[in-house]
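Read the structure below first, then the notes.
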There are 2 protein chains.
Amino acid sequence: MVDKPCAAVILNHMVVNRSPRLDRVFHALAHPARRAILQRLAGGEHNLSELAAPLRMSFPAASKHVRVLERARLVRRRVVGRTHICRVEGKPLEEAERWLEEYRRHWERNFLRLDALLDQMKAEEREKKPDHRRE
Amino acid sequence: MVDKPCAAVILNHMVVNRSPRLDRVFHALAHPARRAILQRLAGGEHNLSELAAPLRMSFPAASKHVRVLERARLVRRRVVGRTHICRVEGKPLEEAERWLEEYRRHWERNFLRLDALLDQMKAEEREKKPDHRRE
DNA sequence: CGGTTTGTCAACCATTTGGTTTAAGTTTTC
DNA sequence: GAAAACTTAAACCAAATGGTTGACAAACCG
């Protein structure tokens, strides 16, 4: 009852491919303030005050953004004295990059296959044009 | 009045580095249903009914997800008759990948620099240890 | 023509997000 | 010990998200 036979093959990979970690990573990257924080941290460690200073928002707001980055495991903090020092973490980003890479790979492979199919159809049409079936 | 001199250099790149397109792309990728739609579309074109079928949600909900993907320019639709046929678009994803790549580059370069700094500090400490200053 | 398929729109709802302000908790410093 | 620095917590708010249902508009098929 699936719409098309070729769709069933693809369904192996999806239906509901839950991945809360990936959700959190992409969501964390979806806000300019959080990307700014990450870019800042890419230059080295900073505490919360330093991170919040250039952002045009209140300190608690910036603190919440850092917390979002932590939930996505993109940032880790260590508390030394009264300051909370943050640094970036690489592994979660790798997963996101891997998803994008696989997506692109799948997509480009399909394009090649589509080109081949079009060539084949063109060749078939050249040989026998009497058989006229739509769809 | 900026906290540290080295911070001012980095501030060129940020403060408020608005990029609504990037926001939309990452936000679009942050939901499992939308990633599933993209993976499905990576295998070829589909209309809305086909996209909505495997998703455990109402048709209008799925339609909204496709609309989010369209606003992010990750998906384009063409209307033929009563069916809306969707296909993936590659360029916006490239921008996201570029951001991730630059972020990683910046971050890894800093790690190298940090290693060099640690070596230098170790060497200095070896030569003259009388100067004992905390921080 | 009438019914079915395909899809949108509008209204509604619960939850999350992103922001604020004010208060409170720890360290450090003087 | 008092003040200042660095953060969190709590209360609150507006807007966005993610989902539902029901009504409607086309387009296709019989």
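Naming convention: chains lettered A, B, ... in sequence-line order (proteins, then strands); numbering from 1 in each chain.
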Is A:T83 near enough to D:dC6 that one of its side-chain N or O atoms lies under 4.0 angstrom from OP1 or OP2?
-> no
Considering non-hydrogen atoms only, spot the tightest contact between A:A62 and A:L55 and give its length.
-> CB-CD2, 4.2 Å
note: B:H27, atom NE2; D:dG18, atom C1'; distance rounded to Å ~ 9 Å
Out of D:dG18, C:dG19, C:dG7, minimum distance to the side chain of A:H31 belongs to C:dG19
Under 3.5 Å between N/O atoms: give me all the protein pairs with nucleotides 11-13 of chain C, atom names plus distance.
none

Residues at least two apart in sequence or cross-chain that pass salt bridge (Lys or Arg N to Asp or Glu O under 4.0 Å) with B:R73, listed by chain then number, are none
Pairing of B:E108 and B:R104 as salt bridge, 4.0 angstrom limit = yes
Between C1' of C:dG19 and NE2 of A:H65, the distance in whole Å | 8 Å
Between atom CG in A:L48 and atom P in D:dT7, what is the gap in whole Å?
-> 5 Å
Whole angstrom is fine here: how far is it from CG in A:L51 over to P in D:dC6?
-> 13 Å
Applying salt bridge (Lys or Arg N to Asp or Glu O under 4.0 Å) to B:R24 and not counting sequence neighbours gives none
Per the under-4.0 Å heavy-atom filter, residues of residues 67-76 of chain A near DNA chain D come out as A:R67
Residues passing the salt bridge (Lys or Arg N to Asp or Glu O under 4.0 Å) test with A:E101, sequence neighbours excluded, are none
Using whole Å, report how far CZ of A:R35 lies from P of C:dG18.
-> 12 Å
Sequence neighbours excluded, which residues qualify as salt bridge (Lys or Arg N to Asp or Glu O under 4.0 Å) partners of A:R77?
-> A:E70
Using 4.0 Å as the upper bound for N to carboxylate O, is an ion pair formed by A:E45 and A:R78?
-> yes
Starting at NE2 of A:H46 and ending at P of D:dC6, how long is that distance when rounded to a whole Å?
-> 15 Å
So the ring-ring contact (aromatic ring centres under 6.0 Å, His included) pairs with at least one residue in residues 20-39 of chain B (sequence neighbours excluded) are B:H31-B:H65
Looking at A:R34, does any N or O in its side chain come under 4.0 Å of the phosphate oxygens OP1/OP2 on C:dG18?
-> yes
Set of residues satisfying side-chain contact (heavy atoms from CB on, under 4.5 Å) with respect to A:V80, sequence neighbours excluded | A:T83, A:I85
Donor-acceptor pairs under 3.5 angstrom involving side-chain atoms of residues 89-96 of chain A: please list them, not counting sequence neighbours.
from  : atom 1 : to    : atom 2 : distance (Å)
A:E89 : OE2    : A:K91 : NZ     : 2.6
A:E95 : OE2    : A:R21 : NH2    : 3.4

Spacing of A:I85 atom CD1 relative to D:dA5 atom C1', expressed in whole Å = 14 Å
Listed partners of B:R82 passing side-chain hydrogen bond (donor to acceptor under 3.5 Å, both in side chains), at least two apart | none
Take the protein atom CZ of A:F26 and the nucleotide atom C1' of C:dT17, then report the distance between them rounded to whole Å.
-> 20 Å
Scan for ring-ring contact (aromatic ring centres under 6.0 Å, His included) pairs involving residues 67-86 of chain B, sequence neighbours excluded, and state none if there are none.
-> none
Indicate for each nucleotide in nucleotides 21-27 of chain C, in 5' to 3' sequence, whether protein heavy atoms under 4.0 Å reach the base (B), only the sugar-phosphate (S), or nothing (-).
-> B-----B
To the side chain of B:M57, which of D:dT8, D:dG18, D:dG19 is closest?
-> D:dG19
